[in-house]
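All values reported here derive from a predicted model rather than from experimental measurement. By convention here, the first residue in the shown sequence is residue 1.
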Amino acid sequence: MVASAPEKPTGMQNYRVKGIFKCGSEPAKNVQVKLIDDDFGSDPDDDLGSKFTDANGYFELEGHTTELTTIDPHLKVYHDCDDGINPCQRRWKFELPNNYIYLRNETAKTLDIGIWNLEGVHPGETRDCNH
């Protein structure tokens with residue numbers, strides 16, 4: 001369960017996250033990582049940023065969006081770690097804590113998710129061909 005922060009005022013909200021992905025004992029390089037604001041209903045998700053991990057499996061993403069309510073930050077990870085010849089990529093999406101949301105006039109915060117091994121199957125994992 002993710003701890004939630006009090007509702008932020010409406011307007012531009014920012015988020016920054018970093019971490020390292022591994023595939024077994026090796027760095028998970030060239031893994032696509034997306035930072036999104038997960039919206040519900042007919043409102044499409046807002047893409048706050050997207051990058052590929054570097055040669056060491058490291059990534060850092062920062063993004064912002066303007067919303068009437070508090071954003072719902074999520075990280076999406078697309079990879080082929082321990083995937084054999086299966087079509088499409090493994091997709092893992094998880095919710096990020098709201099207490100790292102910051103406004104323009106506030107000091108920037110960075111969520112460090114640490115080191116994650118993509119070799120195992122993560123809860124809610126799916127496959128995605130079109131990302």
Side-chain angles (χ1 to χ4, degrees):
M1 180 172 186
V2 175
S4 62
E7 288 287 314
K8 296 279 186 179
T10 60
M12 185 181 297
Q13 299 168 56
N14 304 278
Y15 207 91
R16 185 184 299 165
V17 59
K18 68 179 181 177
I20 297 173
F21 291 116
K22 295 182 88 68
C23 182
S25 61
E26 298 295 318
K29 55 187 173 188
N30 297 317
V31 169
Q32 186 176 20
V33 184
K34 288 184 176 183
L35 176 62
I36 65 159
D37 170 27
D38 192 16
D39 289 320
F40 301 96
S42 62
D43 188 13
D45 295 343
D46 297 314
D47 186 358
L48 306 181
S50 178
K51 285 191 176 177
F52 288 86
T53 57
D54 67 14
N56 299 312
Y58 176 81
F59 76 93
E60 186 168 349
L61 283 170
E62 182 175 11
H64 64 273
T65 189
T66 301
E67 291 285 336
L68 296 175
T69 59
T70 302
I71 63 173
D72 190 17
H74 281 69
L75 204 61
K76 289 182 180 179
V77 182
Y78 302 90
H79 66 94
D80 291 307
C81 177
D82 199 32
D83 202 24
I85 59 169
N86 289 314
C88 307
Q89 289 189 299
R90 295 170 62 186
R91 184 192 86 153
W92 181 38
K93 175 183 167 185
F94 61 97
E95 187 175 359
L96 302 172
N98 286 354
N99 56 325
Y100 286 87
I101 298 169
Y102 63 95
L103 304 178
R104 187 180 312 199
N105 60 345
E106 295 178 327
T107 302
K109 304 172 190 177
T110 302
L111 171 63
D112 185 346
I113 65 166
I115 300 171
W116 287 80
N117 194 329
L118 300 175
E119 198 171 30
V121 176
H122 297 278
E125 184 175 301
T126 60
R127 300 196 79 72
D128 191 331
C129 296
N130 302 310
H131 47 277

Distance-minimising heavy-atom pair for Leu35 and Leu61:
N-CD1, 3.7 Å
Check: Leu48 and Lys34 side chains under 4.5 Å, non-hydrogen atoms:
no
Heavy-atom closest contact (Lys109 atom, Asn99 atom, distance):
NZ-O, 3.1 Å
Any residue meeting salt bridge (Lys or Arg N to Asp or Glu O under 4.0 Å) with Lys22, in chain and number order, not counting sequence neighbours:
none
Considering only residues two or more places apart or on different chains, which pairs with a residue in residues 61-86 satisfy ring-ring contact (aromatic ring centres under 6.0 Å, His included)?
Tyr78-His131
Step by step, would you call Arg91 with Val77 a side-chain contact (heavy atoms from CB on, under 4.5 Å)?
CA-CA 6 Å; Arg91 184 192 86 153; Val77 182; over 6 Å; no
Side chains of Phe94 and Ile113: closer than 4.5 Å at any heavy-atom pair?
yes
Can you name the residues that form a ring-ring contact (aromatic ring centres under 6.0 Å, His included) with Tyr100, not counting sequence neighbours?
none
Ala55 versus Pro27, closest heavy-atom pair with distance
O-CB, 3.4 Å
For Asn130, does the CG atom have more than 12 heavy-atom neighbours from other residues, nucleotides or ligands under 6.0 Å away?
no
Closest contact, heavy atoms only, Ala28 versus Thr53:
O-OG1, 2.6 Å
Okay, side chain of Asp112, backbone of Gly114: is any donor-acceptor separation there less than 3.5 Å?
yes
Per the salt bridge (Lys or Arg N to Asp or Glu O under 4.0 Å) rule, what does the pair list look like for residues 114-131, sequence neighbours excluded?
Asp83-Arg127, Arg90-Glu125
Just wondering, are more than 12 heavy atoms of other shown residues or ligands nearer than 6.0 Å to NZ in Lys29?
no
Derivation and outcome, side-chain contact (heavy atoms from CB on, under 4.5 Å), residues Val17 and Thr110
CA-CA 5 Å; Val17 59; Thr110 302; 6.0 Å; no
State which residues pass salt bridge (Lys or Arg N to Asp or Glu O under 4.0 Å) with Asp80; sequence neighbours excluded, sorted by chain then number.
none
Using the test side-chain hydrogen bond (donor to acceptor under 3.5 Å, both in side chains), find all partners of Glu62 that sit at least two apart in sequence or belong to another chain.
Arg16, Tyr102
Between Asp46 and Ile36, is there a side-chain heavy-atom distance shorter than 4.5 Å?
no
Using the ring of each side chain (for Trp, its six-membered ring), is Phe59 parallel, tilted or perpendicular to Phe21, with breaks at 30° and 60°?
parallel
Members besides Ile115 in its Ile/Leu/Val/Met/Phe/Trp/Tyr cluster (side-chain heavy atoms under 4.5 Å):
Ile20, Tyr58
Disulfide (SG to SG under 2.5 Å) contacts touching residues 101-131 (sequence neighbours left out):
Cys88-Cys129
Val121: which other cluster members, linking ILVMFWY side chains closer than 4.5 Å, directly or transitively?
none
With sequence neighbours excluded, residues passing ring-ring contact (aromatic ring centres under 6.0 Å, His included) with Phe52
none
With a 3.5 Å distance limit and no angle check, can you tell me whether Glu26 reaches the backbone of Cys23 through a side-chain donor-acceptor pair?
no
Tell me, please, which residues at least two apart from Tyr15 pass ring-ring contact (aromatic ring centres under 6.0 Å, His included).
none
Measure the spacing between SG of Cys81 and CG of Asn117 and express it to the nearest 0.5 Å.
6.0 Å
In terms of side-chain heavy atoms, does Gln13 have a donor or acceptor partner in Thr65 at a distance below 3.5 Å?
no
Under the side-chain hydrogen bond (donor to acceptor under 3.5 Å, both in side chains) test, which residues partner Lys76, sequence neighbours left out?
none
Just how far is it from atom CG of Asn30 to atom CG of Asp54, taken to the nearest 0.5 Å?
9.0 Å
With side chains defined as the heavy atoms from C-beta onward, is the minimum distance between Val31 and Leu118 less than 4.5 Å?
yes
If every non-hydrogen atom of Ile71 is compared with every non-hydrogen atom of Pro73, which pair is closest and at what distance?
O-CD, 3.3 Å
